[in-house]
Amino acid sequence: MSAEPFNKLVKLAARAFYDDITTKGDNQPKTARGDNRGMAVVVLDALTSAGVSTQWGGRDCEDFSSSYIAAAELGELVDYYNPRQGLMPASFRVRTVPFEGCNQIFEEFLDPDFGESAIGRVTPIDYGLWWRQWVREEDLAKDLKLHSKQLRRTLRFFEEEKLVTRDHRRETAKGAKIYSAALAATGDGQQTGKDGEEKLKMHTHSYCCLDYAQIYDVVRYRMHRMKKKLKDELDNRNTIQKYICPTCGRSYSALDALRLISPNDEYFHCEKCNGELVAESDKLAAEEMGDGDDNARRRRREKLKDMLQKIEVQLKPLTDQLTRVKDLPVPEFGSLQAWEARASAAVRAMNGDSSNDASKSSQGQGYGGTPMPFLGETRVEVALSGVEVKEEDSKPDPAATSMKVLPPWMIKQGMNLTKEQRGEVKQEMRDNNSGSAGLRDDKKAADEYFKAYYAALIKRQQEQEAANREQQEAAKFSATTSNIPNGVFETTSDRRVGMKAKRDEDDYVEWEEAPPPGNPVHKINDLNAPAEESGDDEDDIDWEDG
Amino acid sequence: MFFHMVLERNMQLHPRHFGPHLRDKLVAKLMKDVEGTCSGRHGFVVAITGVDSIGKGLIRDGTGFVTFPVKYQCVVFRPFKGEILEAVVTMVNKMGFFAEAGPVQIFVSNHLIPDDMEFQSGDMPNYITSDGSVKIQKDSEVRLKIIGTRVDATEIFCIGTIKDDFLGVINEPGAAA
């Protein structure tokens, strides 16, 4: 589940294709090229190894996992989920593997363990949090001891090659803090110090990130083109023969053949000087032009065959890696904003106190309330759990994100809730309770929980925002949720906490009261139609059970 | 590839044709003018299959010629890259051979002739395999694949290959006759 196979792919591709790439412009003297060779490889390696090193070395990583282990022990007390629904990586194993079969160099990386020993809580984990993905280019330049201009040129080249995605933005020191906060989440704590020194002036910062999905495609396409070109040449397939007049240097193609034939002999003749035309062999065998046509052709064929074989042999590790990677889920980092948002969410989850929360959220809003798509993580979540998201196709995203920011130790905080919210929780609890007697209680509980959560969230927004914003928010939720602004996301965590706390206080008091039947309905368009229905269903089941 | 399509043309008819058979004269002239021509856009006009409509004539000042807009149906032939055609060899030389598929001239360069065929000059230049079983000479029929076309306003020229599966000689010159 790590990016390791992909990193290896990048490394191999770098060595195979970008070994002799220089980033000097063509206008520079050729003699200056030598010293720059191989820099492309170094840069690509740095991008991947930035991932790997923080991946296994990050202290926060351990903290996070150990916190979750602790949480699992509490799980039965604080959570109304069935704790056996383990979806968390229970542990992380450091795996040491010799790099490319070499006994001297070892690579270490973490394997998250989702196996039978997984612990109790339904919590989506985004693997992207474990390693640093978006790198500020200045930092990278510092790490590599390169001039930033030099690095930028290389990166631009890679951008054109579709290996990296870059993002540029003008930002103040404040904006930079968001990045460093995100960075801190991935275990690289050193950056925070530097950012404090930045002035309040706007600076243009560039960030770059490996685009693994695209790299995979690019590498495959490149190899395909290489092979196809050679094969075509080898078979002389689809190649239009070129002819050159040795005397005047004019060149013709086979399409001109009709004009070139002469009645006197069986050769083509130049239109201009009437010289005898010579078939031009391909560039690959240009030096063998001199001798007889047949001979040259044969030798060229040999050469092409040789090259094709060499490709097969020398790129074997790369093709192997490609096949290995083929079925793996590609690590996706999303855009820079999305990544930052996720990372800071993880920080929140780890620290878990509201003061931190508040400061982060204010930062986030100060940053401009940029839309944050939370798309990538949901996919991961679905693949893992397959349980609770399955039945809510239209709205898995907020579910996933909300789940993520729910560490158990946040439950201590109380919030003032509205009637509706209380009702929500109450009903949900009822369902949950009765459901535990039923057969598929866990699933129902999860579903109910989500529904209640949505309703509560929406309610909160209604309170917060003006009435005219309401529709907009609903639309956002019912749509892909890619438009959830930063601020909204912040509120989700709070809301969640508050809801839980409320439940703890209230549920036994209100348990026996018949819940208002249509309670979860909040006049929100898309969300509530399914919620209402399933809620009714579960009510029926309850009565039957009782 | 053949297409059946509707084309339009302005026909100029000399005043001496005016009379009871004006329409027949017009159609005859149309066939004479159009059949066998080549336009880069549509290809070779092989045959006119029908005349849809003949518009009102317009008398040209000074000459007395009358212009009729004529809509007609015709079969056109346009070669495409990748198309497989059967063609008759018209000329063989050291650079390859020329063949004709109907109105289209196709050149197959010696690169695109299978490697086991060697050029033999002489009275009847030909390409022949080492065991002599297959021979390409004038009037041989070959199946070839078009790999390139040059389309001018009034001319289409093609490059073909016989270096592929199921391509090559399909009929010896003597066999058909």
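Residue numbering restarts at 1 for every chain, and letters A, B, ... go by the order of the sequence lines. In what follows, every heavy atom counts, from backbone to side chain, and hydrogens, waters and symmetry copies are set aside.
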May I ask you to check whether over 12 heavy atoms, not counting those of [X], lie within 6.0 Å of atom [atom1]?
X        : atom1 : answer
B:Asp131 : CG    : yes
B:His21  : NE2   : no
B:Phe3   : CZ    : yes

Fill in: Approximate separation, where rounding is to 0.5 Å, of A:Lys242 NZ and B:His111 NE2
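Rounded to the nearest 0.5 Å, the NZ-NE2 separation comes out at 12.0 Å.
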Worksheet item: A:Phe268 vs B:Phe98 aromatic rings, parallel, tilted or perpendicular, using cut-offs 30° and 60°?
Response: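 Rings of A:Phe268 and B:Phe98: perpendicular, as their planes differ by over 60°.
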Worksheet entry | Proximal to chain B - members of residues 250-261 of chain A, heavy-atom separation under 4.5 Å | A:Ala254, A:Leu255, A:Asp256, A:Ala257, A:Leu258, A:Arg259, A:Ile261
Worksheet, complete the sentence: Turns out that what part of B:Phe107 lies under 4.5 Å from chain A's heavy atoms comes down to side chain
